[in-house]
Engineer: 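Have a look at this one before I ask anything.
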Amino acid sequence: MSDDKKGQVTDTGHVWDGNLRELANDPPRWWMISFYASLIWVAVYFILYPSIPTLHGYTKGILGWTQIKEYKKELQEIEEIRAPYENKLKGMTPAAVLADRELTSYTINAAKVLFGDRCAACHGAGGAGNPGFPVLADDDWLYGGTLDDIQESITNGRQGMMPSFGSQLSAQEIDTLTDFVLALSQGKGDSVPAGKALFDEAGCSGCHGPDGKGMHMMGSANLTDGIWRFVAKDQRESVKYTITHGVNDGSDPKTRQAIMPSFKDKLAPTDITKLTVYVHELGGGQ
Ligand code: HEC
Ligand code: HEC
């Protein structure tokens, strides 16, 4: 280290607090080397790459590098990896995809992104459901959980229809039916015999089936499994509301809205295939 005894080292002449001198030693050698190296680096970078903004653009550098070109190159590399899979997927049925393990894993990864973009706003991340929108990750299906059912749901959309009963039934009848439906969901339908009779008389069983298990053909919810299509803190109020105002019944302004849009014109056929496989593999596919 340098010797700083008084008089032997030049100083800048600045003295603080009576005895603190500012010395004028040369910077260390390694520091100077790095300093000159970085100057050279700046010059080389300036020659090769875009660097300094000018009034009407920027200095371009002799390599012609731009961020857009770099991005396009990376995109092309990704497309090249995807192309064989995408070509293979064309014209394949979801069942054929599922029979090919490598293709299935590619498909599920690609569909995750698609699902996030196009479906998760309604159905929740990973199909976990949202209030008013059905869970896709369980094995409780309105319209069925086979590959064909799921593909049909996505392609052409779904719109369950239940008439509003508020003007057809008395308040007391609606109460009785509500009690019956809640009992049914706990496997105790027989404990409300008046409701059971009314369920047939009012025509509920025509859509929900005589045992209340629902029919996939019309998406009438299964009322016996305790999994609610319209979940609420007060489930009794929710059931009563559904019976009173129906679902997608245009004649009742307070009716519940339940529309699954059609994706026929919004997604490529291979994307629908991918999403069908993905939803099927979320856990509840049949
Ligand atoms: C605007 C909201 C919305 C979007 C976006 C949406 N869905 Fe739906 N989806 C619904 C509703 C509501 C239902 C239930 C329809 C009913 O109750 O009759 C449904 C039903 C379904 C069903 C049938 C579920 C069953 O239990 O049978 C499937 C499968 C489905 N959606 C998949 C998808 C996929 C895949 C996407 C993305 C491409 C998607 N949905 C996008 C609202 C949406
Ligand atoms: C024309 C057919 C039809 C008739 C008649 C009908 N329903 Fe429904 N019901 C449906 C459909 C379809 C759904 C599911 C709507 C959806 O999710 O899109 C539904 C849903 C429900 C729900 C909501 C279930 C849940 O999980 O939140 C209840 C409760 C219900 N119905 C009770 C009844 C009762 C009680 C009657 C008789 C008074 C009745 N329904 C008559 C078709 C019908």
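Whatever order the structure lists them in is the order used to number ligands and atoms, beginning at 1. Each residue takes its place number in the sequence, starting with 1. All of these numbers come straight from a predicted model, not from anything done at the bench.
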Engineer: Is the shortest distance from a Lys or Arg side-chain nitrogen in Asp211 or Lys196 to a carboxylate oxygen in the other one below 4.0 Å?
Structural biologist: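 No, no charged N to carboxylate O under 4.0 Å.
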
Engineer: Distance to 0.1 Å, residue and atom name: give those for the protein heavy atom nearest to atom 41 (C) of ligand 2.
Structural biologist: Phe165 CE1, 3.5 Å

Engineer: Which ligand 2 atoms are under 4.0 Å away from a heavy-atom of Met218?
Structural biologist: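 Ligand 2 atoms under the 4.0 Å threshold to Met218: 12 (C).
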
Engineer: For ligand 1, which atoms, with element, lie under 4.0 Å from some heavy atom of Trp141?
Structural biologist: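 Those qualifying, in numeric order: 25 (C), 26 (O), 27 (O).
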
Engineer: Below 3.5 Å, N or O to N or O, backbone or side chain included: is there any such pair between Arg229 and ligand 1?
Structural biologist: yes

Engineer: I'd like the name of whichever of Val181, Leu223, Thr242, Val231 reaches closest to atom 24 (C) of ligand 2 through any heavy atom.
Structural biologist: Leu223

Engineer: Which of the numbered atoms in ligand 2 are below 4.0 angstrom from a heavy atom of Leu177?
Structural biologist: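 Those atoms are 38 (C).
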
Engineer: Under 3.5 Å, is there a donor-acceptor pair linking the side chains of Ser262 and Asn156?
Structural biologist: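 No, because no side-chain N or O of Ser262 sits under 3.5 Å from a partner of the opposite role on Asn156.
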
Engineer: How far is atom 15 (C) of ligand 2 from its nearest protein heavy atom, and which residue and atom name does that atom have?
Structural biologist: Val247 CG1, 3.7 Å

Engineer: Below 3.5 angstrom, do we get any N/O pair linking His123 and ligand 1?
Structural biologist: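 N/O-N/O distance below 3.5 Å exists for this pair.
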
Engineer: So does Asp252 get a backbone contact from the side chain of His245, meaning a donor-acceptor N/O pair under 3.5 Å?
Structural biologist: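 Side chain of His245 to backbone of Asp252, a donor-acceptor pair under 3.5 Å: no, none is there.
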
Engineer: Any N/O/S atom, backbone or side chain, of Ser220 lying under 2.8 Å from atom 8 (Fe) of ligand 2?
Structural biologist: no

Engineer: List ligand 2 atoms under 4.0 Å from Val239, heavy atoms only on the residue side.
Structural biologist: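 Result: 29 (C).
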
Engineer: Is there a side-chain contact between Trp228 and Val239 in this structure, where contact means two heavy atoms from C-beta onward sitting under 4.5 Å apart?
Structural biologist: yes

Engineer: What is the ring orientation for Phe35 with Trp31, classed by angle as parallel under 30°, tilted 30 to 60°, or perpendicular over 60°?
Structural biologist: parallel

Engineer: Name the closest protein heavy atom to atom 28 (C) of ligand 1, giving the residue it belongs to and the distance to 0.1 Å.
Structural biologist: Leu136 CD2, 3.7 Å

Engineer: Looking at Phe230, is its backbone amide N or carbonyl O close enough to the side chain of Gln235 to form a donor-acceptor pair, meaning the two atoms are under 3.5 Å apart?
Structural biologist: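 Here the side-chain-to-backbone pair exists.
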
Engineer: For the NZ atom on Lys266, are there more than 12 heavy atoms of other groups (residues, nucleotides or ligands in this structure) within a distance under 6.0 Å?
Structural biologist: yes

Engineer: Could you list the atoms of ligand 1 found under 4.0 angstrom from a heavy atom of Ile154?
Structural biologist: 35 (C)

Engineer: Starting from atom 14 (C) of ligand 2, find the nearest protein heavy-atom neighbour and note its residue, name and distance.
Structural biologist: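 Checked against all protein heavy atoms, atom 14 (C) of ligand 2 sits closest to Gly219 O, 3.4 Å.
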
Engineer: Please identify which atoms of ligand 2 are closer than 4.0 Å to at least one heavy atom of Gly203.
Structural biologist: 5 (C)

Engineer: Near Trp16 CH2, under 6.0 Å, is it more than 12 heavy atoms from other residues, nucleotides or ligands?
Structural biologist: yes

Engineer: Between Thr255 and Asp249, is any side-chain donor less than 3.5 angstrom from a side-chain acceptor?
Structural biologist: no

Engineer: Does any N, O or S atom in Ser153 come within less than 2.8 Å of atom 8 (Fe) of ligand 1?
Structural biologist: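 So Ser153 does not count as coordinating atom 8 (Fe) of ligand 1.
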
Engineer: Between the main-chain N or O of Gly132 and the side-chain N or O of Arg229, is there a donor-acceptor pair closer than 3.5 Å?
Structural biologist: yes

Engineer: Which protein non-hydrogen atom lies closest to atom 18 (O) of ligand 2, naming both residue and atom, and how far is it?
Structural biologist: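 Checking every protein heavy atom, the shortest distance to atom 18 (O) of ligand 2 gives Gly160 CA, 3.5 Å.
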
Engineer: Is there a side-chain contact between Met218 and Tyr143 in this structure, where contact means two heavy atoms from C-beta onward sitting under 4.5 Å apart?
Structural biologist: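 Of all side-chain heavy-atom pairs linking Tyr143 with Met218, none is under 4.5 Å.
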
Engineer: Test of understanding: given a 4.0 Å heavy-atom threshold, classify the contact between Ile259 and ligand 1 as side chain, backbone, both, or neither.
Structural biologist: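 The part of Ile259 near ligand 1 is the backbone, not the side chain.
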
Engineer: For atom 36 (C) of ligand 1, which candidate among Gly127, Gly116, Cys119 provides the closest heavy atom?
Structural biologist: Cys119

Engineer: Please report whether ligand 1 has a polar contact with Tyr143, defined as an N or O pair separated by less than 3.5 Å (distance criterion only).
Structural biologist: yes

Engineer: Just which atoms of ligand 1 are under 4.0 Å from any heavy atom in Cys122?
Structural biologist: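 So the atoms of ligand 1 that pass are 1 (C), 2 (C), 3 (C), 4 (C), 5 (C), 43 (C).
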
Engineer: Between Leu147 and Met92, is there a shared hydrophobic cluster once you connect ILVMFWY residues whose side-chain heavy atoms come closer than 4.5 Å?
Structural biologist: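 Same cluster.
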
Engineer: Could you tell me, atom by atom, which parts of ligand 1 come under 4.0 Å of a heavy atom of Gln159?
Structural biologist: 18 (O)

Engineer: Have a look at ligand 2 and work out which part of Phe230, if any, has a heavy atom under 4.0 Å from it: side chain, backbone, both or neither.
Structural biologist: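 Both backbone and side chain of Phe230 come within 4.0 Å of ligand 2.
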
Engineer: With under 30° as parallel and over 60° as perpendicular, where do the rings of Phe115 and His123 fit, or are they tilted in between?
Structural biologist: tilted

Engineer: One residue to check: Asn248. Relative to ligand 2, which of side chain, backbone, both or neither has a non-hydrogen atom less than 4.0 Å away?
Structural biologist: neither

Engineer: Just which atoms of ligand 1 are under 4.0 Å from any heavy atom in Leu275?
Structural biologist: 38 (C)

Engineer: Among all the protein's non-hydrogen atoms, which is closest to atom 3 (C) of ligand 2, and how far away is it?
Structural biologist: Cys207 SG, 2.7 Å

Engineer: Could Glu79 and Lys72 be called an ion pair, given the rule that one side-chain N must be under 4.0 Å from one carboxylate O?
Structural biologist: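 So Glu79 does not pair with Lys72 through a salt bridge.
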
Engineer: Using only atom types and a distance under 3.5 Å, with no angle test, would you say the side chain of Thr59 pairs donor to acceptor with the backbone of Ile52?
Structural biologist: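 Answer holds: yes.
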
Engineer: Does Ile68 have more than 12 heavy atoms from other residues, nucleotides or ligands lying within 6.0 Å of its CD1?
Structural biologist: no

Engineer: Measure Ser238 to ligand 2 on non-hydrogen atoms and call it side chain, backbone, both or neither using the 4.0 Å cut-off.
Structural biologist: neither

Engineer: Of the backbone atoms (N, CA, C, O) and the side-chain heavy atoms from C-beta on, which set of Arg158 has a member under 4.0 Å from an atom of ligand 2: side chain, backbone, both, or neither?
Structural biologist: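 Contact part for Arg158 vs ligand 2: neither.
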
Engineer: Under 4.0 Å from ligand 1, counting heavy atoms only, is it the side chain of Ala121, its backbone, both or neither?
Structural biologist: neither

Engineer: Can you confirm whether the side chains of Ser34 and Arg29 place a donor and an acceptor under 3.5 Å from each other?
Structural biologist: no

Engineer: Please determine whether the number of non-hydrogen atoms from other residues, nucleotides or ligands lying under 6.0 Å from atom CD of Gln67 exceeds 12.
Structural biologist: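 At most 12 heavy atoms, drawn from other residues, nucleotides or ligands, come within 6.0 Å of this atom.
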
Engineer: How does Tyr278 reach ligand 1, by side chain, by backbone, by both or by neither, if only non-hydrogen atoms under 4.0 Å count?
Structural biologist: neither

Engineer: Are side-chain N/O atoms of Tyr106 and Glu86 paired as donor and acceptor at under 3.5 Å?
Structural biologist: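 Present: a donor and an acceptor within the cut-off.
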
Engineer: List every atom of ligand 2 that sits less than 4.0 Å from any heavy atom of Ala258, numbering the atoms from 1 in the order shown and giving each element.
Structural biologist: 18 (O)

Engineer: Could you list the atoms of ligand 2 found under 4.0 angstrom from a heavy atom of Ile243?
Structural biologist: 35 (C)

Engineer: Quick check on atom 8 (Fe) of ligand 2: does Cys204 put an N/O/S atom closer than 2.8 Å to it?
Structural biologist: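 No, Cys204 does not qualify, because none of its backbone or side-chain N, O or S atoms lies under 2.8 Å.
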
Engineer: When you look at CD of Gln172, are more than 12 heavy atoms from neighbouring residues, nucleotides or ligands closer to it than 6.0 Å?
Structural biologist: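 It does not: Gln172 CD has 12 such atoms or fewer within range.
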
Engineer: Out of Met217, His208, Met260, Lys240, who is nearest to atom 7 (N) of ligand 2 when you count heavy atoms only?
Structural biologist: His208

Engineer: Is any N or O atom of Leu142, backbone or side chain, closer than 3.5 Å to an N or O atom of ligand 1?
Structural biologist: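 Yes, since at least one N or O of Leu142 sits under 3.5 Å from an N or O of ligand 1.
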
Engineer: Checking a contact table here: which protein heavy atom is nearest atom 32 (C) of ligand 2, and how many Å away?
Structural biologist: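 Of the protein heavy atoms, Met162 CE, 3.7 Å lies nearest.
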
Engineer: Non-hydrogen atoms of Gly206 versus ligand 2: any pair closer than 4.0 Å?
Structural biologist: no

Engineer: Show the atoms of ligand 1 that are less than 4.0 angstrom away from any heavy atom in Arg118.
Structural biologist: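 Contacts of ligand 1 toward Arg118, numbered from 1: 5 (C), 37 (C), 41 (C).
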
